[in-house]
Structures are given as C-alpha cells and as structure tokens.
Amino acid sequence: MESIFKHCPNCTSTNIEFPNNVRFLCHDCGFTYFHNIAAAVAVVFRYQDKILFTVRNMEPDKGKLDLPGGFIDPEETAQEAACREVKEEMGMDIKPDQLRFITTYPNNYLYKNVPYRTMDIFFECELQEEQVHIVAPDEIKALQWYPLCEIPQERIGFVSVRTVIRQLKQK
Ligand SMILES: [Zn+2]
C-alpha cells in the first residue's frame, strides 16, 4: 500500500515511514501520527419482512446499496450518532432506546485517495410504517425496501454491510 504522506508534515523530511498507513514516523524529527480506525454506525430499519437500503449518491461506492448511518462525531455515543445521521439523511426522529445492537464489523473507506479503516457498529430499528423520505439528496439517491430474502447482495457496496446482511439472512 502506498503511503498517503510523501513528506513529514512537521519538518518536510522524506526520511519517513508509514507501514500500511497505520503509524507514521519521521526519522529526522520524531513526529509520530497514528492513522487510527474511525468509528461509524449503520441502522438496519425493518418494516414487516423488509429492510431499508439507501442508494449512495457519493463516493466511495456511488450507486451501490448502503444503510443509513455515518461517522461518529467526537463526544458522541454510537446511539446518538445513529439518531443524528437518521435525522440528517431521512428527517426521521428516532430515540436511542429504539436501537437494538446487532454486531460490529471492520470496513475500508477510500475517500479522495485516503484509505480510512473503520469499525462499523450496526443497530436494528423496527418501523411502524413504510413511508420514508430523503432529506440529504447529495448523499442519498434513493431509498429502497427489500424483503430480506430478495436483497441483491451484489449491489451492496461495503464489505461490512454485505457481511451483516448475509448474517441476518441466515438467522
Ligand atoms: Zn519530521
């Protein structure tokens, strides 16, 4: 994997190492930077036998199926982040106690050539109605419900989402 930094951001030396883009070290000035994993959340909305997917309208994986959610902000709990993202993307008010923890799964998120590694935290949320709306069209092209047994696995972008959906199908 090619290093995402060509120079030390502190002293501009090229005498640097950044194996696997995990721990950056400058051999001249000692500057150290950890490119730690980022935490993200995703919500599996259920209505009867169906699961709700978003169609991504931005890279990475533009046009592919995804779940509502996003990165956790500093100072936020995972549940708070999930509620905030759902509000931002779909205008829907949900409460942290409506979220049931499913599992976590690692993911890769390549954004503008920077390879972020994430830990995706998955929650489930039961809805009482099928009606949903997009309020962030720059991020989401469409919202689509699929019966669990008819979800097109090959249209799901992220490996973490693909894995969790496959696990739900096997239950
Ligand atoms: Zn340096």
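In each ligand, atom 1 is the first atom listed, and ligand 1 is the first ligand listed.
Without hydrogens or angle criteria, Glu139 side chain to Ala136 main chain gives no donor-acceptor distance under 3.5 Å. Listed for the Lys50 side chain is no donor-acceptor partner under 3.5 Å among the backbone atoms of Glu130.
A salt bridge does not link Glu80 to Arg84: none of the charged nitrogens lies less than 4.0 Å from a carboxylate oxygen. The pair Arg56-Asp66 meets the salt-bridge criterion, since a charged nitrogen lies less than 4.0 angstrom from a carboxylate oxygen.
Side chains of Thr118 and Asp120: a donor on one and an acceptor on the other come within 3.5 Å.
Legend: residues meeting side chain to side chain donor-acceptor pair (under 3.5 Å) with Arg155, ordered by chain and number and at least two apart, are Tyr146.
Each protein N, O or S atom less than 2.8 Å from the Zn ion (ligand 1) was counted, giving 4.
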